[in-house]
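For reference, the structure is listed below as structure tokens.
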Amino acid sequence: MSSAPARNVVSGVLLGVGVAGFVDETVFHQLLHWHHFYDKSTPAAGLVSDGVFHAVSWFATVAALFLLADLRRRAAFRATPWWGGLLVGAGGFQLYDGTLQHKVMRLHQIRYDVDVTPYDWTWNILAAVMIVAGAVLLARSRGRAG
């Protein structure tokens, strides 16, 4: 396995992806019913795609927590790179979703039958802010214990 500093970042990235996927799935798919992961087919196919998406984000979360537990057991946990990885993972997931899945592949949109421009800008700006904040934390953690 990779070094402890790299495992801190990987654990944070995986948890960031898992948390962002959980929030997206729970809030936008299940509570608000704004879209499914895959809206180019029937509603039943959309529900199945949501289930697969939810499972993947859950596996990322579980893997992140196993890595985190191992880091803590070895006294190798470093908060700064871990939080940097979490922010980069969450923002990266959100930016990937907002650009590639929404605009390039058109798997789904945030909402339908409304002007999605403010939703798209908000979604992608928040993603960029998380990525920049995470990158700053990762840069600060280089060369020190974190």
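Just so we're clear, the structure is a prediction, and the values are computed from it rather than from any experiment.
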Open item on the list: With rounding to the nearest 0.5 angstrom, report the OH to CD distance, Tyr38 to Gln101.
Closed with: 12.0 Å
Task: Backbone N/O of Arg78 and side chain of Asn8: donor-acceptor pair under 3.5 Å - done: yes
Open item on the list: Would you compute the distance between atom NE2 of His36 and atom OG of Ser41 and round it to the nearest 0.5 angstrom?
Closed with: 10.5 Å
Task: Contact summary for Phe93 and Ala20, nearest pair of heavy atoms - done: CD2-CB, 3.4 Å
TODO: Could you tell me how the ring of Trp34 sits relative to the ring of Tyr119: parallel (under 30°), tilted (30 to 60°) or perpendicular (over 60°)?
DONE: perpendicular
TODO: Please answer whether the main-chain N or O of Arg111 pairs with a side-chain N or O of His35 as donor and acceptor at a distance below 3.5 Å.
DONE: no
Open item on the list: I'd like to know if the side chain of Ser11 reaches the main chain of Arg7, judged simply by a donor and an acceptor atom lying under 3.5 Å from each other, with no hydrogens or angles considered.
Closed with: no
TODO: Measure the CZ-CG distance between Phe37 and Asp97 for me, rounded to the nearest 0.5 Å.
DONE: 7.5 Å
Task: Nearest-0.5 Å distance that lies between atom CG in Leu87 and atom CG in Leu15 - done: 10.5 Å
Open item on the list: Ring centres under 6.0 Å, that's the criterion: do Trp58 and Phe53 meet it?
Closed with: no
Open item on the list: Which heavy atom of Pro118 sits nearest to which heavy atom of Thr122, and what is that distance?
Closed with: O-OG1, 2.8 Å
Open item on the list: Given 3.5 Å as the limit, does a donor-acceptor pair link the side chain of Asn124 with the main chain of Trp121, or not?
Closed with: no
Open item on the list: The test is side-chain contact (heavy atoms from CB on, under 4.5 Å); show your working for Val13 and Leu86 and say whether it passes.
Closed with: CA-CA 5 Å; Val13 167; Leu86 187 142; over 6 Å; no
Task: Aromatic ring proximity, centroids under 6.0 angstrom, His102 and His108 - done: yes
Open item on the list: Could you measure the distance from the OG1 atom of Thr61 to the CZ atom of Phe22? Nearest 0.5 Å is fine.
Closed with: 9.0 Å
Task: Expected output: side-chain Trp123 to main-chain Gln94 donor-acceptor under 3.5 Å - done: yes
Open item on the list: Less than 4.0 angstrom from a charged side-chain N to a carboxylate O is my criterion; do Asp120 and Lys103 meet it?
Closed with: yes
- [ ] Go through Asp39 and Tyr112 one step at a time and tell me if the side-chain contact (heavy atoms from CB on, under 4.5 Å) criterion holds.
- [x] CA-CA 11 Å; Asp39 279 336; Tyr112 295 96; 2.7 Å; yes
Task: Separation between CG of Leu68 and CZ of Arg73, rounded to the nearest 0.5 Å - done: 12.5 Å
